[in-house]
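Hydrogens, waters and symmetry mates play no part in the numbers below; they use all other heavy atoms, side chains included. Every chain is numbered from 1 and lettered A, B, ... according to where its sequence line falls, protein lines coming before strand lines.
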Amino acid sequence: MAAGPAPPPGRPRAQMPHLRKMERVVVSMQDPDQGVKMRSQRLLVTVIPHAVTGGDVVQWLTQKFCISEEEARHLGAVLVQHGYIYPLRDPRSLVLRPDETPYRFQTPYFWTSTLWPAAELDYAIYLAKKNIRKQGTLVDYEKECYDRLHTKINHAWDLVLMQAREQLRAAKQRRKGDRLVIACQEQTYWLVNRPPPGAPSVLEQSPGRGSCAASRVHMRGDFYKQEIEYCRRALGRTRVKSSVCLEAYLSFCGQRGPHDPLVSGCLPSNPWISDDDAYWVMNAPTVVAPTKLRVERWGFSFRELLEDPVGRAHFMDFLGKEFSGENLSFWEACEELRYGAQAQVPTLVDAVYQQFLAPGAARWVNIDSRTMERTLEGLCQPHRYVLDDAQLHIYMLMKKDSYPRFLKSDMYKGLLAEAGIPLETKKRVFPFSRRPRHSSPSPALLPTPVEPTAAGGPGGGDGVA
Amino acid sequence: MCDQTFLANVFGSCDKCFKQRALRPVFKKSQQLSYCSTCAEIMATEALHENETLASLKSEAESLKGKLEEERAKLHDVELHQVAERVEALGQFVMKTRRTLKGHGNKVLCMDWCKDKRRIVSSSQDGKVIVWDSFTTNKEHAVTMPCTWVMACAYAPSGCAIACGGLDNKCSVYPLTFDKNENMAAKKKSVAMHTNYLSACSFTNSDMQILTASGDGTCALWDVESGQLLQSFHGHGADVLCLDLAPSETGNTFVSGGCDKKAMVWDMRSGQCVQAFETHESDINSVRYYPSGDAFASGSDDATCRLYDLRADREVAIYSKESIIFGASSVDFSLSGRLLFAGYNDYTINVWDVLKGSRVSILFGHENRVSTLRVSPDGTAFCSGSWDHTLRVWA
């Protein structure tokens with residue numbers, strides 16, 4: 001029986017747009033001029049018209065969508081899995097064989113989205129038909145379902161058997177070819193909607209999403225008032241020209257390209273490919289000798305510099321030489337407040353005030369008077385964002401003033417010159433022998449890392465080995 | 001014959017709906033405005049403050065949205081692929097599965113990387129949450145949640161804890177311990193409480209705050225220690241399915257995507273929606289910021305991925321192909337933002353050139369839909385989780 005939550009009732013084509021798209025593809029495949037070549041297929045003594053070969057299906061998909069054969073085979077397989085195309089010879093196995101194997105297109109009546117959802121009663125009738133027609137044709141899981149349904153809709157069982165017999169009688173009056181085709185179509189429908197155990201159910205959905213989105217909308221006045229409010233605000237916003245924004249992507253990607261391991265590779269080697277973790281050792285968070293690429297990145301933006309513990313520590317040293325180290329310390333303390341535990345807020349605010357903002361404080365930061373006034377007012381009712389204005393002011397000060405000077409400084413230039421480029425790892429002599437993959441201590445085992453302090457340089461200890 | 005009196009008609013832009021109509025003067029709170037006849041009639045039937053009919057509010061919202069689209073279009077002077085014409089095309093990409101993580105007994109629904117670039121946490125339909133060292137493929141921790149369909153999981157920045165949740169409507173934080181005598185479930189902390197399933201969660205810059213998204217249509221920011229709700233974000237009209245924190249220097253915004261086809265950018269401090277984008281044709285399954293923080297990408301059930309620029313305030317690129325029929329369940333950028341990796345419900349992963357808009361590569365390997373995809377913190381690989389019970393690391 002299909003595992004997982006039942007497919008949602010209602011409008012399947014809306015909830016599952018891929019069904020609609022598959023149906024469009026299948027319809028264009030059946031176009032008399034542009035579609036797949038149709039032929040009549042001989043099955044034992046019957047001739048079935050409008051059949052196609054698996055190979056032709058794949059070729060058509062390759063040409064129509066300009067894709068590789070592998071992708072076309074995959075797409076074809078997906079169409080078969082969803083029951084839009086079914087095999088004539090081996091109808092139990094919904095698999096696409098890219099050769100002379102014959103297939104046919106499912107009739108729209110039996111499309112999953114048409115006959116939706118698959119009803120228990122209909123399934124019972126189908127299984128009953130199979131059982132009546134030839135005893136023992138029901139496969140194990142079908143027998144189980146049959147028994148279960150028999151118990152479940154016992155009250156309507158007479159109806160089920162009557163319907164089954166009626167449908168079988170009506171089928172006998174059709175030509176053998178038609179009978180075969182209809183049987184195949186029906187079987188395909190049930191293989192898709194009631195897959196055997198072990199086979200993936202293509203119709204399975206995540207829970208909760210099924211319920212129509214519209215039903216959950218709070219279509220009250222508040223919702224629209226909020227939208228109106230938002231639109232009014234948005235209309236007043238300044239926008240930037242597309243050309244300016246898009247150029248920014250080009251320069252960003254261009255600058256970072258050589259630093260992107262998946263685009264440009266990485267030296268000495270990508271650990272996932274070579275099984276050698278040297279790259280991680282060399283680029284550990286706190287390492288004595290950062291690589292050249294890493295030191296270069298500090299020059300890309302102030303944020304990059306601060307995010308790298310080694311870079312930040314060197315910047316702190318530089319600020320120390322200029323007697324403005326308290327700016328960075330203040331910024332760090334504000335970050336701690338913003339992302340800290342709620343319970344710590346009053347204590348942290350007080351600590352920051354005492355150390356950086358109070359008149360005569362040991363590490364007094366130079367903020368303009370207006371911001372200072374506003375901040376001091378806010379301190380009466382401390383909350384985690386109370387220092388935002390001051391923090392931003394100091395951040396911009398460092399970014400516009402100290403940071404550019406750092407980049408021009410001898411210290412930075414020296415670091416850049418010292419930094420080395422790792423050599424590429426020699427390819428292994430025996431490519432099939434695997435290098436042993438070293439494990440590393442979990443961060444959960446290590447003592448909580450200490451933030452690089454104002455006093456010292458990069459924190460002691462190397463990264464993981 | 002009777003006398004006919006003619007009104008002098010003033011034409012212009014209505015102050016309420018902005019349409020070009022014949023206007024008449026109207027007084028609202030002793031301020032004179034010019035309304036078109038429709039709006040004037042609407043106003044006449046309105047009571048003060050209350051009882052604005054749903055229909056009139058709806059039409060006002062619609063017309064404002066229309067005006068907003070017009071404003072956005074005014075500054076759109078060039079397309080991304082035009083600008084990208086002078087960029088060198090990418091070479092052939094050979095990306096293979098380098099690790100396969102087997103161990104989940106059911107569909108893998110979500111995964112997240114640890115900052116140490118090699119450990120990951122993954123969660124599945126049967127309630128199991130596993131922490132792996134994916135480099136060696138060893139399992140390091142395993143927890144069984146009391147609920148099924150654990151749709152969200154996240155690794156704490158320090159690497160000392162994980163958060164997860166799903167059909168239990170909660171987000172729980174488990175400190176990671178190697179002590180054999182301790183049961184991880186014993187120290188579990190219940191942090192978030194929603195009224196419907198949890199679809200996504202993420203730690204902010206520290207272990208002490210968590211941002212969650214839920215099927216009840218809201219997002220929320222929580223204090224881990226106390227479980228206190230710090231801020232809630234209302235505005236989505238349906239389930240919120242995904243969220244991502246902005247990598248900006250002032251670190252104050254995040255984007256969320258939902259079943260209402262909208263992607264919304266929020267200010268974490270005030271709880272207000274700052275920007276909203278509604279161009280997808282179906283549920284948005286995944287959102288991820290471009291590395292510079294100036295844009296974000298979204299993957300949706302309409303089989304497209306789209307790029308939205310925050311400064312231009314509009315959609316700037318669509319990544320789609322006629323042969324891609326199934327929805328994209330998860331997206332992520334490579335380190336430089338040049339590549340966009342997207343996992344789809346047809347079991348494949350497509351790699352897009354973000355600038356040129358073309359597909360670079362298609363990766364096969366999974367045997368059921370790809371449900372989650374994340375690039376590692378240093379960009380050396382990406383990991384995909386699938387309903388086929390496995391996770392794969394590709395490089």
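The contact between B:N368 and chain A is made entirely by side chain atoms (from C-beta outward), counting heavy-atom distances below 4.5 Å. Contacts of A:I67 with chain B are made by side-chain atoms alone, with heavy-atom separations under 4.5 Å and no backbone atom involved. Of the atoms belonging to B:L176, heavy atoms from both backbone and side chain fall under 4.5 Å from chain A. For A:L392, the part lying near chain B is the side chain, with the backbone staying farther off; criterion is any non-hydrogen pair under 4.5 Å. Only the side chain of B:L230 comes within contact range of chain A, judged by heavy atoms closer than 4.5 Å. With a 4.5 angstrom heavy-atom cutoff, A:E335 touches chain B only via side-chain atoms. Looking at B:K321, only its side chain comes within 4.5 Å of chain A, counting heavy atoms on both sides. Of the atoms belonging to B:L167, it is side-chain heavy atoms, and not backbone ones, that fall under 4.5 Å from chain A. Of the atoms belonging to A:R24, not a single heavy atom falls under 4.5 Å from chain B. Using a 4.5 Å cut-off between heavy atoms, B:V316 contacts chain A through its side chain alone, with no backbone atom that close. No part of B:S63 comes within reach of chain A, as not one of its non-hydrogen atoms sits under 4.5 angstrom from that chain. Residue A:P258 does not touch chain B at all, counting heavy-atom pairs closer than 4.5 Å. Interface remark: A:L235 contributes backbone and side-chain atoms alike to the contact with chain B (heavy atom separation under 4.5 Å). The parts of B:L68 that come within reach of chain A are both its backbone and its side chain, each placing non-hydrogen atoms under 4.5 angstrom from that chain. Using a 4.5 Å cut-off between heavy atoms, B:R72 touches chain A through backbone and side chain atoms alike. If you measure heavy-atom distances from B:P291 to chain A, the contacts under 4.5 Å come from both the backbone and the side chain. For B:L80, the parts lying under 4.5 angstrom from a heavy atom of chain A are both the backbone and the side chain. The parts of B:A276 that come within reach of chain A are both its backbone and its side chain, each placing non-hydrogen atoms under 4.5 angstrom from that chain. If you measure heavy-atom distances from B:F364 to chain A, the contacts under 4.5 Å come from the side chain alone. With a threshold of 4.5 angstrom between heavy atoms, B:L64 approaches chain A through its backbone and through its side chain.
How far OG of B:S376 is from CG of A:L262: 7.5 Å, rounded to the nearest 0.5 Å. The line from CG of B:D283 to OG of A:S206 is 10.0 Å long, rounded to the nearest 0.5 Å. Interatomic distance, A:E229 CD to B:Q272 CD, rounded to the nearest 0.5 Å: 7.5 Å. In this structure, the separation between CD on A:Q226 and CG on B:L57 is 12.5 Å, given to the nearest 0.5 Å. In this structure, CZ on B:R311 lies 4.5 Å from SG on A:C245, to the nearest 0.5 angstrom. Residue B:K58 holds its NZ atom at 4.0 Å from OH of A:Y224, rounded to the nearest 0.5 Å.
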Tell me, with the steps shown, if A:E247 and B:R86 meet salt bridge (Lys or Arg N to Asp or Glu O under 4.0 Å). CA-CA 11 Å; A:E247 282 293 331; B:R86 60 175 210 270; 3.1 Å; yes
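Ranked by non-hydrogen atom pairs under 4.5 Å with chain B, the options A:M22, A:E336, A:H259 are led by A:M22. With chain B as the partner, the residue from A:E307, A:Q391, A:R338 showing the most heavy-atom pairs under 4.5 Å is A:R338. Among A:C266, A:G254, A:C253, the residue making the largest number of heavy-atom pairs under 4.5 Å with chain B is A:C253.
The closest donor-acceptor contact from the side chain of B:D313 to the backbone of A:R239 lies at 3.5 Å or more, if one exists at all. With B:D223 contributing its side chain and A:A341 its backbone, the two residues share no donor-acceptor pair below 3.5 Å. A donor-acceptor pair under 3.5 Å is formed between the side chain of A:R237 and the backbone N or O of B:V274.
No side-chain heavy atom of B:S323 sits less than 4.5 Å from a side-chain heavy atom of A:K64. The shortest side-chain heavy-atom distance between B:K117 and A:W280 falls under the 4.5 Å cut-off. Taking 4.5 Å as the limit, some side-chain heavy atom of A:V78 sits within range of a side-chain heavy atom of B:F326. Counting only heavy atoms from C-beta outward, the side chains of B:D378 and A:Y279 approach each other to under 4.5 Å. Residues B:S336 and A:Q255 form no side-chain contact, since every pair of their non-hydrogen atoms from C-beta on lies 4.5 Å or further apart. Using a 4.5 Å cut-off on side-chain heavy atoms (C-beta onward), B:N252 and A:D388 make contact. For the pair B:C114 and A:P443, the minimum side-chain heavy-atom distance is below 4.5 Å. Side-chain contact check for B:R269 versus A:H383: some heavy-atom pair is nearer than 4.5 Å.
Among all heavy-atom pairs drawn from B:A61 and A:E227, the shortest one is CB-OE1, 3.9 Å. The shortest non-hydrogen separation linking A:D276 to B:F135 is N-CZ, 4.2 Å. Between A:V263 and B:S334, the closest heavy-atom pair is CG2-OG, 4.3 Å. Closest non-hydrogen pair, B:L335 versus A:P261, comes out as CD2-CD, 4.1 Å. Closest approach of B:D133 and A:S439 over heavy atoms only: OD2-CA, 4.2 Å. What you find for A:P17 and B:D301 is that their closest heavy atoms are CG-O, 3.3 Å.
Taking 4.0 Å as the cut-off between side-chain N and carboxylate O, A:R232 and B:E71 do not count as a salt-bridged pair. For the pair B:R369 and A:E204, the salt-bridge criterion is not met [side-chain N within less than 4.0 Å of a carboxylate O]. Salt bridge A:E71/B:R359: present, at least one basic N to carboxylate O contact under 4.0 Å. The pair B:R98-A:D275 does not meet the salt-bridge criterion, since no charged nitrogen lies less than 4.0 angstrom from a carboxylate oxygen.
Judged purely by distance below 3.5 Å, without hydrogens or angles, the side chains of A:R256 and B:S292 never pair a donor atom with an acceptor atom. Side-chain atoms of A:W272 and B:T380 include a donor-acceptor pair closer than 3.5 Å.
Ring-centre distance between A:H18 and B:Y344: not below the 6.0 Å cut-off.
For A:K21, the NZ atom is densely surrounded, since the number of other residues' heavy atoms within 6.0 Å is greater than 12. In this structure, B:E322 places its CD atom where only 12 or fewer heavy-atom neighbours from other residues, nucleotides or ligands lie under 6.0 Å away.
Note: A:Y249 and B:Y290 have tilted aromatic rings, judged against thresholds of 30 and 60 degrees for the angle between ring planes.
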